[in-house]
Colleague: 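Handing you a structure now.
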There are 2 protein chains.
Amino acid sequence: MLTVNDVKLTSTVAFRMGVLGTIVGDRFAERLAVHDVKPKHVAMLSVLESGMAASQLEVAKIMRVAPSLVVSLADHLEGLGAVRRERDPEDRRRQVLALTEEGRGLLARCTALARAMDEELVGGLAPEEEAGLRNVLRRLASAEGLPE
Amino acid sequence: MLTVNDVKLTSTVAFRMGVLGTIVGDRFAERLAVHDVKPKHVAMLSVLESGMAASQLEVAKIMRVAPSLVVSLADHLEGLGAVRRERDPEDRRRQVLALTEEGRGLLARCTALARAMDEELVGGLAPEEEAGLRNVLRRLASAEGLPE
DNA sequence: TATTGTTATACTCTATAACTATA
DNA sequence: TATAGTTATAGAGTATAACAATA
């Protein structure tokens with residue numbers, strides 16, 4: 001082959017997803033600030049709501065973060081009244097995290113913020129383009145072993 | 001309305017793009033390590049290659065990072081022989097960053113890594129799904145004012 | 001004075017390691 | 001001894017502020 005590879009870095013899926021992910025994540029974080037939470041706090045609420053994990057160590061594994069980070073996330077959410085820590089009577093080492101009614105409301109409010117961002121993000125797309133994007137994101141998330 | 005909003009946070013475009021962007025970005029960073037660079041270094045090479053910016057302050061604006069960060073990125077790339085700093089004779093305050101041949105080669109090798117990741121990422125998609133994804137990512141990037 | 005680049009400093013996020021309580 | 005959680009510490013990444021050189 002005599003032709004050269006002139007694909008630009010910035011047009012690769014990997015580079016664009018990384019950059020757009022950072023921008024979208026930062027913007028989500030800014031908006032979450034009114035509720036005094038960060039994306040990882042909301043991710044934790046979501047994990048608890050799904051019932052996929054209850055103890056802090058289980059939550060850490062699902063979220064792919066260090067157990068020590070779960071401690072501080074849970075501390076903050078507990079301070080907001082969004083979660084309660086309950087000792088497992090069968091194994092008193094385990095702290096079972098329980099979503100409170102306040103926590104469910106907080107999750108709903110944060111989800112509403114994400115949906116509002118979605119409208120801004122995909123508002124300029126044709127319906128079939130939006131459907132295609134959602135479908136592909138769902139499949140990529142699934143391929144990465146992410147929940148839902 | 002009596003129905004409740006039961007859209008899940010994890011299925012929003014905003015949340016998924018943020019999470020997938022982090023995963024993809026981290027993976028790209030891991031692979032770039034063999035070339036002793038990080039994503040921002042490669043982004044800078046790409047900006048220089050595009051000719052959209054030359055002075056460090058211009059590069060900082062295009063990349064949306066602090067000027068002080070451009071200093072350390074340029075220091076590192078200069079150490080690798082990928083860029084040269086040249087004082088602008090017309091305004092000796094300006095450091096014009098010039099991509100070297102070595103820098104072009106480095107950019108090409110890093111772009112090849114991104115393309116290899118693309119194949120893994122979209123390999124499971126149908127051709128029209130992949131085309132749709134690339135099209136949508138290009139439009140979202142454009143809407144965010146990103147280059148290319 | 002204003003601007004470009006640099007250096008010094010501090011802050012955020014998160015992981016690793018040491019430690020406590022329970023098993 | 002091993003495990004769940006916690007606390008202490010450290011590192012990466014990046015911004016802000018102070019500074020130097022030039023305009």
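Residue numbers start from 1 in every chain, and the chains themselves are labelled A, B, ... in the order their sequence lines are given, proteins ahead of strands. Quantities reported herein were computed from a predicted structural model and do not represent experimental measurements.
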Colleague: Just report the end-to-end axis angle for the helix from C:dT1-D:dA23 to C:dA23-D:dT1, five pairs per end, to 10 degrees.
Modeller: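 Roughly 20° between the end axes, to the nearest 10°.
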Colleague: Does a distance-only test, which skips hydrogens and angles, find a donor-acceptor pair under 3.5 Å between the side chain of A:R92 and the base of C:dT22?
Modeller: no
Colleague: Kindly give the atom pairs (protein nitrogen or oxygen, nucleotide nitrogen or oxygen) under 3.5 Å for nucleotides 14-19 of chain D.
Modeller:
unit_1	atom_1	unit_2	atom_2	d
D:dT14	OP1	B:K40	NZ	2.7
D:dA15	OP2	B:A66	N	3.1
D:dT16	O4	B:S68	OG	2.8

Colleague: Indicate yes or no: at least one non-hydrogen side-chain atom of A:V59 is less than 4.5 angstrom from one of A:M52.
Modeller: no
Colleague: Once you round it to whole Å, what is the distance between P of D:dG5 and CE of A:M44?
Modeller: 11 Å
Colleague: Between A:M63 (CE) and C:dT14 (C1'), how many Å, whole number?
Modeller: 12 Å
Colleague: Round to the nearest Å and state the distance from A:R87 atom CZ to C:dA21 atom C1'.
Modeller: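 The answer, rounded to whole Å, is 8 Å.
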Colleague: Going by the rule salt bridge (Lys or Arg N to Asp or Glu O under 4.0 Å), which residues pair with A:E49 if we only count those two or more places apart in sequence or in a different chain?
Modeller: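 A:E49 satisfies salt bridge (Lys or Arg N to Asp or Glu O under 4.0 Å) with no residue once adjacent residues are dropped.
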Colleague: Side chains of B:L146 and B:R64, heavy atoms from C-beta outward: is any pair under 4.5 Å?
Modeller: yes
Colleague: Counting only side-chain N and O atoms of B:Q95, is one of them less than 4.0 Å from OP1 or OP2 of D:dA21?
Modeller: no
Colleague: Any donor-acceptor pair under 3.5 Å joining the side chain of B:R94 to the base of C:dT4?
Modeller: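 Checked by distance alone, the answer is no.
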Colleague: Rounded to whole Å, please give me the gap between NE2 in B:H76 and P in D:dA12.
Modeller: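 Value for this atom pair: 13 Å.
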Colleague: Take atom CZ of A:R85 and atom P of D:dG5, then tell me their distance rounded to the nearest Å.
Modeller: 9 Å
